[in-house]
Every structure is written in C-alpha cells, then in structure tokens.
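Single-structure report; data block below.
All values below come from the heavy atoms of this structure, side chains included, with hydrogens, waters and symmetry mates left out.
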Amino acid sequence: NVADRAYGLCDKVAEAMVDVYMNMKAKFTMDDHEHYLFNPRDLTQWVLQLLRYEVVSIDTFIEAWAYEATRIFRDRLVGDEAKNHFDSILRNALIQYLGTDVEVDKLIFTSMLTLSDEGVPSGDMKKVGLEDYTKMVQDGLKSYQREVKDLDIELVPEVLEQIMWMDRALAAPVANDLLVVGRAGGGKRSAISLLAHMHRLAVFSPAPARRYGHKEWKRDLKQVMQMTGVEKQHTILLLEDHHLLKSEFLESINSLLSAGDVPGIWTPEELEPLLAPLKEEWAASQGRGGGARTPFEYFCNQVQQRLHVVLSMDPNHSHFLPYCAANPALFSCTTVLWLDEWSDQSKTIIAQRILGEQVLDSKRTNLGPLLQYIHASQAAKGACPRHFITLLQTCHAMYSSKISSASGQSSHLQKGLLKLQEVSQTVEQLQEDAIAKQSVLAEKQQLADEALERITQAMKKSAERRQEVEQLEGLTK
C-alpha cells in the first residue's frame, strides 16, 4: 500500500532533502542577499509542512515534496537566474534519489477546500487543476466585489501564482506570517485583500495620520492583539512601507513575530481585564496538557495562532535593507515571498484590458509592445509596475480625449453637411416648382394674348361701325 511504499522511500527522501538543502546553502549566501539565510529550520519546516498535504499515492507524495521544497527555497530567490539554478538542484535530486521528475510549475495545491470549526481554512493542502483553481479565484473575486468593493486586479498568471503561494503560507497552523517583497504597483495589496476574503480573515491596517506616533501605534497593536487573542478572530495585520514611519514600529513587529507579544505594551492595570475572559480557557487547557504556564502566555499563543502578520515591502525603498538587518525575525519567522517583474505575457494581457480596442485595432498592433519597451527602458531609473499601469492609463486617456475631440469636430461638420444637403434639396424643389409654374404662366400668357387680340379686333370693328353710324347720321341731316 501507499504507506508501506512511502516508508521504503524514507531514506532516499531524507538524502534528497539534505542534498537540496546543502546545495542551496552552498550556492546562495547572505553575501548575495540578506534574506538568503538557509538553516536546519528549513528542513524541519519541510518535514512538518508535508503533513498538511493530502497524499493518495506515491506520485502525489513526491509532488507534494517537490512543491513544498519549491515554496520554502525558490520563493525567496531573486531573479530568474537564481530560480533556474534551484530548479536544476531540485530536478537533479529528484532524478538521483527518487528516480523521477516533476513539473513543479504545473502543480497547484490549495487550502481553500477544507475549513476548520472556526470557519477558516484548516491548513490541509489538496491538489487541484488549473481550470478549477482559476474558477475558484474568479468566484472569490466576484464575491469580494459584490460584498466589499471593486478590486482593481487582473488575474494574470503571476497573480494567480502569488495567491496560490500566499494561500499556503497564511493557512499554515503555525508560522503563518508572510513577508512579501516586490516593486510598488505589482498588485500585492489587492492579492492579499482578495485572499483574506476567500480565507474569511479580517484585515487590519493602521491609518497613519499627520501626528501618528508611538501612542497611536501601540493603540493599534493592542486592538489587533485583543481581536486575535481574546475575541479569537483570525486577522491579517497588513503593513506596508508607508506604515513603518519609525524604526521602532518594526522592532515591535519583530517581537510580535518571534514571541506573540510586544514588551511593555500592556500596563498591569490593562492586563487584568484583558486576561479575565481567558482564565477559564487557560485552566481547561492545563488539563489537556496545554503548554502555556500562565494566562498571559496562553494569550500570546492565541495571538500567534490567529494573527497573520503580512509585511509588504519594496526592495528599492531606502529603509528596506537596514530595517531587515536590524530585525532578523522578518526572515526567520515568516514565509518570504520575493516577487519579480511581470512577464511580457502578463503585461500584454494588462495592456489589452486597459487600452481595449487600441491594441486590437490592426492599425495599432505595435502600440502595446511599444509601451512595454518604453517602460522596460526606464527600469534602471526605478520604473515599476505601477508606472507601467500609469503609462497605459495615460495613453488611453490621451487617445480617448483625441477621439472625443475629433468626434466633436466630425459631428459638427456632419451637421453642417446635412444642413447644406437640406438647403440643396429645397433649392431643387423650388427650381422644379418654378419650372412647372413657368409652363403654366406661358399657357396663361398665350390665352391672355389671344384674348387681347380678340378684344383688339372687336374694338377695331366697333370703331368702324361707329364711323359708319356717324356717316349715316351725316347723310340723314
């Protein structure tokens, strides 16, 4: 059976895991990037995470094994060259130790098919097909837009992959915090918001105002810790670069990630009413072999279990490197997801969506590639995905403005032309009427001339008769 065959592979699987780990540790070091921190904890996580996968055959076990390795090691690598090198390391290990190969890039596992008693994903990972997974995300997007608000996100291949990777990390029973590193405007916040809705998680983000300081920061941290530790509400604490106004803010997050608490945030007067609702639960957990020694430790455990800290940071931001160097828990206590630039295929899809018929018009087939080239040419100067979106929107706005202006002028000319046509038709009608009337007038004139001739003749005869009468009268006298 599957269990017996899997047991027979244990030694080979262990050797393959160690081989992958040692090769990664040798190839990628902190001299390359600060977060290339590979240690035995990764091997432990690899083993523990495999317990989450639904395994129905040896093949699905090997697929889960390869998929989990990819998520642990590959997702934090920077650039295509580094990722291709990992692919080679993993493929060699699969062939050498397990005698097979796996197309990991075509594998999709999700936690959204099984829910816990609290109504959130239980963490169990099940394999699904691309079509089913895409429909699942599309349905989630429709639900979000119907119940929350419109979400400006395009489900291009990179976005679907990002949601898939975040799904695995946030649904984990432990170590469910996430550090997402990518350029601004890449859709990180939108993807996180969508996934939170699909996971039935609340999202909490500070709202820094002009005078936002330590007092307001502590207030927000207390609120989100109470939501998760006391009210038992699964919540994402979403922090972006603009939230980290001071280095001390990130130091608090460093402590929250590593211990589930921020030293000094609670006063003794605040702790008593905070912990009161948890004391019975804590006492009951002691009878079940609970590990918390005090109600406050139990509270911290609840916070760690239900609070998902998600940091979204731009690697080009001036404070990224010093902040990460000063707060090691950002790498050691989170799942690191390093997002590269969008592919040309995804940029084309987005360009088609924003520009619409401009790209589809056969006369402008080069417009999309031209805008991609313009954006790529400015990459060295800091051009990011958000700038590409802005470029597309600006182009669309200019085109629409020109079309509107040209349409207005065309409409004006068209109305003038119609008016001229109406005048021309009226003139032709009048000319036809005049011709018809001229014919009638000629007939009437002829009749009048004939009548005049008759009258003239009659008057002439009358004059002759009058002369004859006068002559007769003269003779009679």
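Side-chain contact between Met313 and His319 is present, with at least one heavy-atom pair separated by less than 4.5 Å. Within the 4.5 Å cutoff, the side chain of His199 has no heavy atoms near those of the His308 side chain. Side-chain contact between Val137 and Leu194: present, with at least one pair of heavy atoms (C-beta onward) separated by less than 4.5 Å. Contact of the His85 side chain with the Phe28 side chain is registered, since non-hydrogen atoms from C-beta on lie closer than 4.5 Å. Between Thr70 and Leu107 there is no side-chain heavy-atom pair separated by less than 4.5 Å. Leu115 has its side chain within reach of Arg200: a pair of non-hydrogen atoms, C-beta onward, lies under 4.5 Å apart. Using a 4.5 Å heavy-atom cutoff, the side chains of Met125 and Gln49 are not in contact. Side chains of Met24 and Leu77 form a contact here, defined as non-hydrogen atoms less than 4.5 Å apart.
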For residues 93-102, run the donor-acceptor check on the side chains, cut-off 3.5 Å, and write out each pair with its distance to 0.1 Å, sequence neighbours left out.
none

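Rounded to the nearest 0.5 Å, atoms NZ (Lys27) and OG1 (Thr29) are 9.5 Å apart. Atoms CD1 and CG, on Ile236 and Leu201 in that order, are 5.0 Å from each other to the nearest 0.5 Å. Atoms CG and CZ, on Asn39 and Phe331 in that order, are 13.0 Å from each other to the nearest 0.5 Å. Note that CG of Leu311 is 7.5 Å distant from CG of Leu237, once rounded to the nearest 0.5 Å. Ile350 contributes atom CD1, which lies 7.0 Å from atom CZ of Phe388 (distance to the nearest 0.5 angstrom). Here CG of Leu239 is found 11.0 Å from CG of Leu179. Values are rounded to the nearest 0.5 Å.
Of the possible polar contacts, one joining the Asn92 side chain to the Ser88 backbone as a donor-acceptor pair under 3.5 Å is found. For the pair Asp177 (side chain) and Thr334 (backbone), a donor-acceptor distance under 3.5 Å is absent. The backbone N or O of Leu244 sits nowhere less than 3.5 Å from a side-chain atom of Trp217 that would complete a donor-acceptor pair. Put simply, the side chain of Lys83 never gets that close to the backbone of Asp75: no donor and acceptor are under 3.5 Å apart. Arg76 places a side-chain N or O within 3.5 Å of a backbone atom of Leu37 that can act as its donor or acceptor partner. Judged by distance alone, the side chain of Glu15 and the main-chain N or O of Lys12 form no donor-acceptor pair under 3.5 Å. With hydrogens and angles disregarded, no donor-acceptor distance shorter than 3.5 Å links the side chain of Asn327 to the backbone of Ala329. With hydrogens and angles ignored, the 3.5 Å screen pairs a side-chain donor or acceptor of Lys25 with a backbone N or O of Phe38. Between the Arg71 side chain and the Thr335 main chain, no donor and acceptor come within less than 3.5 Å of each other. Checking side-chain atoms of His35 against main-chain N and O of Val336 turns up no donor-acceptor pair under 3.5 Å.
Sorted by first and then second residue, the salt bridge (charged side-chain N to carboxylate O under 4.0 Å, His left out) pairs involving residues 320-336 (not counting sequence neighbours) form an empty list.
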Q. Yes or no on side chain to side chain contact (heavy atoms under 4.5 Å, CB included) for Phe73 and Leu90, after CA distance, side-chain angles and deciding distance?
A. CA-CA 10 Å; Phe73 296 105; Leu90 181 63; over 6 Å; no
Q: Let me see the working for Lys218 and Glu248 under salt bridge (charged side-chain N to carboxylate O under 4.0 Å, His left out), right down to the final yes or no.
A: CA-CA 11 Å; Lys218 290 175 65 176; Glu248 292 83 356; over 6 Å; no
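For the pair Lys232 and Glu118, the salt-bridge criterion is not met [side-chain N within less than 4.0 Å of a carboxylate O]. Salt bridge annotation for Lys347-Glu154: absent, with no cationic side-chain nitrogen under 4.0 angstrom from a carboxylate oxygen.
A donor-acceptor pair shorter than 3.5 Å can be found between the side chains of Ser122 and Thr114. Residues Asp167 and Tyr133 bring no donor and acceptor atom of their side chains to less than 3.5 Å of each other. Of the N and O atoms on the side chains of Gln372 and Thr348, at least one donor lies less than 3.5 Å from an acceptor on the other residue. With 3.5 Å as the limit, one finds no donor-acceptor pair spanning the side chains of Ser205 and His243.
Ring geometry for Trp338 versus Phe320: interplanar angle over 60°, hence perpendicular rather than tilted (30 to 60°).
Exactly one of Val303, Asn254, Leu221 qualifies for a side-chain contact (heavy atoms from CB on, under 4.5 Å) with Val262. That residue is Leu221.
Surrounding CE of Met22 are at most 12 heavy atoms belonging to other residues, nucleotides or ligands under 6.0 Å away. Enclosure of atom CD in Glu147 by more than 12 non-hydrogen atoms of other residues, nucleotides or ligands within 6.0 angstrom is indicated.
Annotation: Tyr36 is in aromatic contact with His33 [ring centroid separation under 6.0 Å].
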